[in-house]
Student: 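Submitted below is the structure of interest, expressed as structure tokens.
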Amino acid sequence: MSKFTGIFPALLTPFKDDGTINYQELSKLLEYCIDKGVKGFYVSGSSGEAFLLSYEERKELYSFVASVVKGRCTLIGQVGCISTELSLGLAKHCEKEGYDAVSSVSPFYYKFSFDEIKKYYYTIVENTSLPMLIYNIPALTGIGFTAEQFDDFLCDDRFIGVKFTASDFFGLERIKSAHPDKIIYNGYDEMMLCGLISGADGGIGTTYNFMPEKFIKIYENYNNGDIAKARTLQSEANAIIDVLIKVGVMPGSKYLLSKLGIDMGNCRAPFKVLSDADRELLDSVFPLIETK
Ligand code: MN9
């Protein structure tokens with residue numbers, strides 16, 4: 001399971017001015033994060049604007065990332081769509097491209113019953129060989145699982161864990177205690193240290209795209225028992241994330257990466273284009289990206 005522990009950027013998608021995916025810059029972003037020592041990438045998730053990409057674009061994205069990474073780190077493909085058939089199609093594509101695991105948000109919008117949601121996940125795992133990581137993000141899907149519902153999945157070997165994007169650390173701790181062999185990823189970067197203390201094995205996050213080493217250091221310091229140092233680093237990260245939350249996390253993260261030399265372009269509409277005032281705020285926290 002060790003290939004799944006540690007720091008995974010929730011890969012952002014760079015766009016050109018004409019709105020198409022900028023593969024040249026994506027390749028730079030992948031190399032930048034690999035050089036800094038990330039454990040792997042979470043591809044086509046919320047941060048990657050998956051729900052603003054077409055089905056074909058998502059397939060192309062999984063393939064491109066695999067062709068650049070070439071086995072140098074772990075790849076998890078987020079395949080969530082609200083249609084079981086489409087999600088299964090994407091999962092089969094990830095399988096063909098040699099991904100290490102797939103992950104999926106719960107099918108959303110129609111308020112499916114738990115039985116329907118369970119059937120969705122089981123259809124994917126029964127028809128592909130890849131392990132599944134449940135993507136729990138109740139703030140965006142409106143669907144939260146109870147401890148018993150998590151058990152329903154995690155008692156099955158094909159489910160390797162949960163990407164836990166919530167601030168319910170009691171819930172996270174209970175899942176990890178009940179399933180110590182499963183992988184739990186902390187989802188909110190600004191609460192990474194809280195997640196680790198509650199039992200998380202790593203993190204998947206947007207801001208790891210532009211400050212991977214800060215989170216690698218939080219993770220290492222936590223594991224070495226230097227909680228004070230981990231907290232200092234979390235606090236530096238949070239001063240940046242505070243501004244990102246004000247200006248828009250994804251447009252803001254893309255701007256910071258562009259300042260680091262990777263031209264990420266804008267997010268797809270309806271995401272906003274940053275104002276001059278937003279950029280000034282981001283400029284003021286930019287120096288904090290550097291990790292001492
Ligand atoms: O993947 C991300 N969540 C969303 C996890 O994209 C909704 C987080 O990394 C947040 O973007 C981050 C800022 O709130 O913690």
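Values in this document were obtained by computation on a predicted structure and should not be read as measured data. Start at 1 and go down the list; that is how both ligands and their atoms are numbered.
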Student: Would a hydrophobic clustering, with Ile, Leu, Val, Met, Phe, Trp and Tyr connected at side-chain separations under 4.5 Å, put Phe15 with Val65?
Tutor: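 Phe15 clusters together with Val65.
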
Student: Check each of Gly187, Ala10, Gly203 against atom 8 (C) of ligand 1 and report the one with the nearest heavy atom.
Tutor: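 It is Gly187 that holds the nearest heavy atom.
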
Student: Considering non-hydrogen atoms of the protein only, which is the closest contact for atom 3 (N) of ligand 1, and what is the distance?
Tutor: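 Answer, as residue, atom name and distance: Thr165 CG2, 4.2 Å.
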
Student: Is there a salt bridge (charged side-chain N to carboxylate O under 4.0 Å, His left out) between Lys254 and Glu49? Walk through the geometry before answering.
Tutor: CA-CA 12 Å; Lys254 284 187 166 180; Glu49 298 174 62; 2.7 Å; yes

Student: What is the closest protein heavy atom to atom 9 (O) of ligand 1, and at what distance does it sit?
Tutor: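 Checked against all protein heavy atoms, atom 9 (O) of ligand 1 sits closest to Asp189 OD1, 2.6 Å.
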
Student: Checking a contact table here: which protein heavy atom is nearest atom 12 (C) of ligand 1, and how many Å away?
Tutor: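 Residue, atom and distance for the closest contact: Glu190 OE1, 3.5 Å.
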
Student: Among Phe4, Tyr135, Phe8, Tyr99, find the residue that satisfies the ring pair (Phe, Tyr, Trp, His ring centres under 6.0 Å) test when tested with Tyr42.
Tutor: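 It is Tyr135; the other options fail the test.
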
Student: Which atoms of ligand 1 are found less than 4.0 Å from any heavy atom of Ser46?
Tutor: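 So the atoms of ligand 1 that pass are 6 (O).
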
Student: Should you measure from each heavy atom of Gly205, which atoms of ligand 1 turn up under 4.0 Å away?
Tutor: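 So the atoms of ligand 1 that pass are 9 (O).
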
Student: Can you tell me which residue and heavy atom of the protein come closest to atom 11 (O) of ligand 1, and the distance to 0.1 Å?
Tutor: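 Here the nearest protein heavy atom works out to Thr206 OG1, 2.7 Å.
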
Student: Mark yes or no: Lys259 above the aromatic ring of Phe286, with NZ or CZ under 6.0 Å from the six-membered ring centre and no more than 45 degrees from the axis.
Tutor: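 Ring-cation test returns yes.
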
Student: Give a yes/no verdict on whether any heavy atom in Gly45 is under 4.0 Å from an atom of ligand 1.
Tutor: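 Distance cut 4.0 Å: Gly45 fails for ligand 1.
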
Student: Any chain of hydrophobic side-chain contacts (each under 4.5 Å) joining Val273 to Leu52?
Tutor: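 No, it is not one cluster - the side chains of Val273 and Leu52 are not joined through contacts under 4.5 Å.
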
Student: Does NZ or CZ of Arg268 fall inside the cone over Phe51's six-membered ring, less than 6.0 Å from its centre and within 45° of the axis?
Tutor: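 Pair Arg268/Phe51 does not count as cation-pi.
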
Student: For atom 1 (O) of ligand 1, what is the closest protein heavy atom, and at what distance to 0.1 Å?
Tutor: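 For atom 1 (O) of ligand 1, the nearest protein heavy atom comes out as Lys163 NZ, 2.9 Å.
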
Student: Give a yes/no verdict on whether any heavy atom in Met191 is under 4.0 Å from an atom of ligand 1.
Tutor: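 The answer is no, since Met191 has no heavy atom less than 4.0 Å from ligand 1.
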
Student: List every atom of ligand 1 that sits less than 4.0 Å from any heavy atom of Tyr188, numbering the atoms from 1 in the order shown and giving each element.
Tutor: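 Those of ligand 1 that fall under 4.0 Å from Tyr188 are 15 (O).
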
Student: Once you restrict to heavy atoms under 4.0 Å, what part of Leu140 touches ligand 1? Side chain, backbone, both or neither.
Tutor: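 It is the side chain that gets close, since no backbone atom is under 4.0 Å.
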
Student: With a 4.0 Å cut-off, would you call Lys176 and Glu173 a salt bridge?
Tutor: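 Salt bridge absent between Lys176 and Glu173.
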
Student: Using the ring of Phe159 (Phe, Tyr or Trp, six-membered ring only), decide whether Lys182 places NZ or CZ under 6.0 Å from its centre and within 45 degrees of its axis.
Tutor: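 Here Lys182 fails the 6.0 Å and 45° test against Phe159.
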
Student: Can you tell which of Ile137, Ile204, Val249 gets a heavy atom nearest to atom 4 (C) of ligand 1?
Tutor: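 That would be Ile137.
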
Student: Before accepting this row, confirm whether a basic side-chain N of the pair Lys118/Asp115 lies closer than 4.0 Å to the acidic partner's carboxylate O.
Tutor: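 Judged by the 4.0 Å cut-off on N to carboxylate O distance, Lys118 and Asp115 do not form a salt bridge.
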
